[in-house]
Amino acid sequence: MALIASEVRTMRDLPFRLADCGAPAVGRIEIYSDLLTESLDGVAYVCRTHPEAAARAITAAGLTASMSWNLPPGVVRMCGHVHLFPTGMWGADDRHPRWCDRHDCAQRGEHRSRTSEINTSRPEAYLVAVALVQAGHAAAEPVVVLNATDDTGGAQVVLSIGQVRALRYRLGRSLDAAGRSRR
Ligand SMILES: [Zn+2]
Ligand SMILES: [Zn+2]
């Protein structure tokens with residue numbers, strides 16, 4: 001992944017503290033604040049002794065931590081270093097919703113999150129992808145755009161946040177029912 005320049009922020013701005021260790025990092029922890037949009041907000045670097053402590057501190061702050069031992073080639077960081085993405089929650093910009101990918105919003109006339117593909121790691125009839133979208137004008141509300149595609153074409157459904165909330169509840173009930181009938 002290409003690292004883009006981040007604003008320099010002090011650790012005091014972050015909702016978690018990492019050990020001020022200074023040993024060379026051998027792994028990185030991706031920090032996500034929002035599971036729906038899978039917003040990658042930062043990367044914390046860790047030495048061999050501190051991955052668990054760092055992940056604990058990050059998850060205790062209500063964030064999701066994803067550990068990886070592969071540092072990009074040529075990347076040298078100290079344990080405890082946190083790289084913040086300007087598109088993430090700590091690089092907030094009043095002109096865009098926090099989840100916006102900040103690409104060509106003015107040109108498109110709308111803000112869009114990155115698209116998440118719903119991946120079950122097995123073949124499915126449809127490829128389903130979901131994104132948050134919001135029209136550019138001030139009073140616009142975000143909507144969830146669901147795309148389903150197969151070999152013959154695709155269809156798009158636009159859902160209000162209220163519908164998504166009701167759908168989440170309904171899907172949860174369906175999952176529970178499907179689980180019960182399988183036993
Ligand atoms: Zn360390
Ligand atoms: Zn935007």
Side-chain angles (χ1 to χ4, degrees), residues 1-61 63-72 74-117 129-147 156 158-161 164:
M1 179 194 300
L3 295 180
I4 28 186
S6 70
E7 290 172 58
V8 176
R9 300 233 171 185
T10 65
M11 296 299 265
R12 240 171 300 138
D13 292 336
L14 299 174
F16 56 85
R17 290 189 71 84
L18 303 184
D20 203 4
C21 160
V26 294
R28 63 206 288 272
I29 300 177
E30 296 188 336
I31 305 165
Y32 297 88
S33 65
D34 190 328
L35 284 178
L36 173 64
T37 58
E38 285 167 12
S39 158
L40 176 60
D41 292 307
V43 174
Y45 291 85
V46 287
C47 71
R48 216 169 281 286
T49 34
H50 285 118
E52 287 89 3
R56 257 200 314 275
I58 291 164
T59 48
L63 303 162
T64 301
S66 171
M67 183 69 209
S68 144
W69 291 108
N70 301 315
L71 286 192
V75 167
V76 179
R77 294 279 187 276
M78 298 296 133
C79 177
H81 176 86
V82 181
H83 176 93
L84 301 176
F85 293 99
T87 51
M89 82 180 288
W90 298 292
D93 177 339
D94 290 348
R95 291 166 301 173
H96 304 269
R98 192 163 58 71
W99 43 261
C100 178
D101 69 2
R102 290 163 218 205
H103 289 305
D104 301 329
C105 300
Q107 217 170 342
R108 295 188 305 209
E110 62 185 25
H111 304 286
R112 274 189 229 170
S113 72
R114 288 194 296 170
T115 299
S116 304
E117 287 185 0
V130 64
L132 264 173
V133 176
Q134 184 175 321
H137 60 88
E141 301 276 341
V143 293
V144 171
V145 176
L146 207 66
N147 275 298
Q156 187 175 76
V158 178
L159 299 162
S160 71
I161 296 301
V164 171

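Residue numbers count from 1 along this sequence. As the structure lists them, so they are numbered: ligands from 1, and atoms in each ligand from 1.
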Student: Hey, is CD on Gln156 packed in by over 12 heavy atoms from elsewhere, all under 6.0 Å?
Tutor: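 Result for CD/Gln156: enclosed.
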Student: In His96, the N, O or S atom nearest to the Zn ion (ligand 2) is which?
Tutor: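 The Zn ion (ligand 2) is closest to the His96 atom ND1, counting only N, O or S.
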Student: Is the number of heavy atoms from other residues, nucleotides or ligands within 6.0 Å of CZ (Arg108) greater than 12?
Tutor: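 Yes.
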Student: If you consider just the N/O/S atoms, which atom of His111 is the closest one to the Zn ion (ligand 2)?
Tutor: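 Output for this pair reads ND1.
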Student: Closest N/O/S atom of His50 to the Zn ion (ligand 1), by atom name?
Tutor: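 Per the distance ranking, His50 contributes ND1 as its closest N/O/S atom to the Zn ion (ligand 1).
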Student: What do you get for the angle at the Zn ion (ligand 2) between SG on Cys100 and SG on Cys105, to the nearest 10 degrees?
Tutor: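 Once rounded, the angle between the two atoms at the Zn ion (ligand 2) is 90°.
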Student: So how far is it from Ser113 OG to His96 NE2, rounded to the nearest 0.5 Å?
Tutor: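 Between atom OG of Ser113 and atom NE2 of His96 there are 14.0 Å.
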Student: Give me the ring orientation class for Tyr45 and His81: parallel if the planes are under 30° apart, tilted from 30 to 60°, perpendicular past 60°.
Tutor: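 Ring orientation, 0 to 90° scale: tilted.
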Student: Strictly under 2.8 Å, is the Zn ion (ligand 2) approached by any N, O or S atom of His103?
Tutor: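 No.
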Student: How open is the angle at the Zn ion (ligand 1) from atom SG of Cys79 over to atom SG of Cys21, rounded to 10 degrees?
Tutor: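 Taking the Zn ion (ligand 1) as the apex, I get 110° for this pair.
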Student: Exactly one of Leu146, Val143, Val144, Val133 should register a side chain to side chain contact (heavy atoms under 4.5 Å, CB included) with Val158. Which one does?
Tutor: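 Among Leu146, Val143, Val144, Val133, the one meeting side chain to side chain contact (heavy atoms under 4.5 Å, CB included) with Val158 is Val143.
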